[in-house]
Amino acid sequence: MKDKSLPNHDIEILPNHPQGFVAYNSRWPMPHEESGSTSNLYYSFEVVGTHIRMLGSYTDFDVDSAQYQWLEADLAQVDRKKTPWILVLLHAPWYNANTCSPSR
């Protein structure tokens with residue numbers, strides 16, 4: 001599985017770029033390095049007492065993934081006295097019981 005939060009039309013898998021998101025990553029740099037993320041596809045930042053976390057719907061997110069490891073570390077660094085609110089956003093749901101659209 002391979003987010004602003006990433007739209008699925010930006011996946012663009014190419015033979016020489018099997019991970020996709022080449023145009024997205026070059027045109028839309030996100031503050032991933034500032035949040036300790038190794039990927040432009042997931043990152044976090046703070047705005048007036050709120051820790052905002054953008055997760056990547058189209059990159060690995062299982063327990064052994066880099067995104068999961070980053071998420072655990074990012075959560076551990078949040079000072080809830082300074083930033084009492086945590087928002088999590090992503091483009092596509094990780095779980096969906098929609099039977100009307102088999103491709104989703």
Colleague: Nearest 0.5 Å, please: how far is CD in Glu46 from CD1 in Ile86?
Modeller: 9.0 Å
Colleague: Going by heavy atoms in the side chains, are Ser65 and Trp70 under 4.5 Å from each other?
Modeller: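 No, every pair of side-chain atoms sits at 4.5 Å or beyond.
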Colleague: I want to check something: taking the side chain as every heavy atom from C-beta on, are Arg53 and Leu89 in contact at a cut-off of under 4.5 Å?
Modeller: no
Colleague: Do the side chains of Phe45 and Met54 get nearer than 4.5 Å, heavy atoms only?
Modeller: yes
Colleague: Determine, using the 4.5 Å side-chain heavy-atom cutoff (strictly less than), whether Tyr68 and Val88 are members of one ILVMFWY cluster.
Modeller: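 They do not share one cluster, since no chain of ILVMFWY contacts under 4.5 Å joins Tyr68 to Val88.
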Colleague: Do you know the tightest heavy-atom contact between Tyr42 and Gly56?
Modeller: CB-N, 3.8 Å
Colleague: Using the rule that two of Ile, Leu, Val, Met, Phe, Trp, Tyr join whenever any of their side-chain heavy atoms come within less than 4.5 Å, decide whether Leu87 and Val47 are in one cluster.
Modeller: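 Leu87 clusters together with Val47.
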Colleague: Just how far is it from atom CG of Leu55 to atom OG of Ser44, taken to the nearest 0.5 Å?
Modeller: 9.5 Å
Colleague: Would you find a donor on one side and an acceptor on the other, under 3.5 Å apart, between the side chain of Gln69 and the backbone of Val63?
Modeller: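 Flag set: sc Gln69 to bb Val63 pair under 3.5 Å.
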Colleague: Is a donor from one side chain sitting under 3.5 angstrom from an acceptor on the other, for His51 and Asp79?
Modeller: no
Colleague: Of the non-hydrogen atoms in Pro84 and Gly49, which two are nearest, and what is the gap between them?
Modeller: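 In this case the closest contact between Pro84 and Gly49 is CD-O, 3.3 Å.
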Colleague: Enter the distance from Gln67:CD to Asp62:CG here, rounded to the nearest 0.5 Å.
Modeller: 10.0 Å
Colleague: To the nearest 0.5 Å, what is the distance between CG (Leu75) and CZ (Arg80)?
Modeller: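 Going from CG on Leu75 over to CZ on Arg80, the span is 9.0 Å.
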